[in-house]
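The shown structure was predicted, so the numbers you read here are calculated from the model rather than taken from an experiment. Order of the sequence lines sets the chain letters (A, B, ...), proteins ahead of strands, with each chain counted from 1. Worth knowing before you read on, the calculation uses all heavy atoms, side chains too, and leaves out hydrogens, waters and symmetry mates.
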2 protein chains.
Amino acid sequence: MAPRSNPRKLVHPLEGYLGYQLRRAANFMQADLVRRSADLGLTIVEMSTLLVIEANPGVTQSEIGRLIAIKRANMVPLAAGLIERGLILASPVDGRSLGLRLTAVGMDLAARVRQRVAENEALLFRNLADDTAKSLPRQLQQIWREA
Amino acid sequence: MAPRSNPRKLVHPLEGYLGYQLRRAANFMQADLVRRSADLGLTIVEMSTLLVIEANPGVTQSEIGRLIAIKRANMVPLAAGLIERGLILASPVDGRSLGLRLTAVGMDLAARVRQRVAENEALLFRNLADDTAKSLPRQLQQIWREA
DNA sequence: TATTGTTATACTCTATAACTATA
DNA sequence: TATAGTTATAGAGTATAACAATA
């Protein structure tokens, strides 16, 4: 992919920016997780949703959306797809909300998702020093979390 | 946006993952930069491209793509759009490659882009301790950079 | 033979507006 | 009046396959 001869030296004006490095690192993570989970037939957002339902049986679409930053409108086809594939079940908690739970198949799949995510995490940490790496998730959370 | 009463306590199974925090932080960054730069009429990728051309006059589409991870195929409409708006100029460097340069208008706009990016960076750093924050871009680069 | 530029195309994620029904 | 679910739609980023022209 790199040119054979005379690969010109370029200045990289974005390299030092935190925002740029966030985007590159996030894209790298996403690309690896997609590839690593291709056989599961789930997108990243679907995997995230599955894990949230696993940890919170009976959770509603809106609650999931608030927890992991997915708009209500986008939760609809997402949940419908998971129901259609037999991974989750919806049962009314009141006249308008639906409580979501994993099916047995969904539970098995969620366990495999957790495995793939653990592999993905190991890749992200592979070049980081142990001491600095431990605090990295918390540092990143401080970036976006409301004060 | 939050429910009035009885906001249910939910378990957040993703909070501790580096990959999840990368995605949230990157999305936060992106949302702020888009909003902050709305008046410039440029997308994030267009702004990035403008800054790369500014720092490397005569750079080609393929070189830009390799530097900031944009596929050749996606560089085509991107460069065409910038040319059409009078922000950059293309002149042949050999029979197939085009060297890209900023126009005077493009230079002015690039300067304003740098200003918005600096504001965006300040937002990202607002809650981070000075000592740990300084090394953060480098740490993130280690995540995605080839060994 | 490899690379550049190109066209066409598709998928994922994210976002907004507007509607219905229920709390 | 606020919230939940819903529908429709759009923009942005990213991806692959295939082709012609040039190095």
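- With sequence neighbours excluded, no residue satisfies side-chain contact (heavy atoms from CB on, under 4.5 Å) with B:A31.
- A:L100 places its CG atom 13 Å from the P atom of D:dA4, with the value rounded to the nearest Å.
- Sorted by first and then second residue, the salt bridge (charged side-chain N to carboxylate O under 4.0 Å, His left out) pairs involving residues 44-60 of chain A (not counting sequence neighbours) are A:E46-A:R85, A:E54-A:R114.
- In this entry the distance linking CG of A:L78 with P of D:dG5 reads 13 Å, nearest Å.
- In this structure, B:Y20 has its ring center closer than 6.0 angstrom to the ring center of B:H12.
- Contact annotation: B:K71 side-chain N/O to D:dT14 OP1/OP2 distance is not under 4.0 Å.
- Every pair tested for side-chain hydrogen bond (donor to acceptor under 3.5 Å, both in side chains) that includes a residue from residues 91-100 of chain B fails, sequence neighbours excluded, so the list is empty.
- The side chain of B:R72 approaches C:dT6 more closely than any other nucleotide in the set C:dA18, C:dT6, C:dT14.
- Taking every heavy atom of both residues into account, A:S48 and B:R23 meet most closely at OG-NH2, 3.6 Å.
- Residue A:I70 is classed as having no contact, given no heavy-atom separation below 4.0 Å to the nucleic acid.
- In this structure, the CZ atom of A:R66 is 8 Å from the P atom of D:dT3, given to the nearest Å.
- A distance-only check finds no donor-acceptor pair linking the side chain of B:Q61 to the backbone of B:R72 [under 3.5 Å].
- Judged by closest nucleotide on DNA chain D, A:S62 is the one of A:N27 and A:S62 placed further toward the 5' end.
- Between the OH atom of A:Y20 and the C1' atom of D:dG13 there is a distance of 15 Å, rounded to whole Å.
- OP1 or OP2 of C:dT12 has not a single side-chain nitrogen or oxygen of B:R23 nearer than 4.0 Å.
- One interatomic measurement links the two molecules: CD1 of B:I64 to P of C:dT6, which rounds to 12 Å at whole-angstrom precision.
- Distance from the side chain of A:V76 is smallest for D:dT6 among the nucleotides C:dT14, D:dT6, C:dT6.
- A:E119 meets the side-chain contact (heavy atoms from CB on, under 4.5 Å) test with A:R36, A:Q115, A:R116; sequence neighbours excluded.
- At the heavy-atom level, A:A73 lies under 4.0 Å from base atoms of the strands shown.
- Regarding B:N74, its CG atom lies at a distance of 16 Å from the P atom of C:dC11, rounded to whole Å.
- Across all strands, A:R35 comes closer than 4.0 Å to no nucleic acid atom at all (heavy-atom distances).
- Regarding A:L33, its CG atom lies at a distance of 13 Å from the C1' atom of C:dT12, rounded to whole Å.
- In this structure, B:Q141 contributes its side chain and A:Q21 its backbone to no donor-acceptor pair below 3.5 Å.
- Between B:P77 and B:N74, the shortest heavy-atom distance links the atoms CD-O, 3.6 Å.
- Candidate nucleotides C:dT14, C:dT7, D:dA4 were compared by shortest atom distance to the side chain of A:V45, and C:dT14 ranks first.
- As rounded to whole Å, 12 Å separates atom C1' of C:dT14 from atom CD of A:Q30.
- Looking at residues 46-61 of chain A, you'll see A:T60, A:Q61 sit with a heavy atom under 4.0 Å from some atom of DNA chain D.
- In this structure, B:I68 and B:M75 have side chains that are not in contact, with every pair of non-hydrogen atoms separated by 4.5 Å or more.
- Shown for residues 91-99 of chain B: residues whose heavy atoms fall under 4.0 angstrom of DNA chain D, namely B:D94, B:G95, B:R96.
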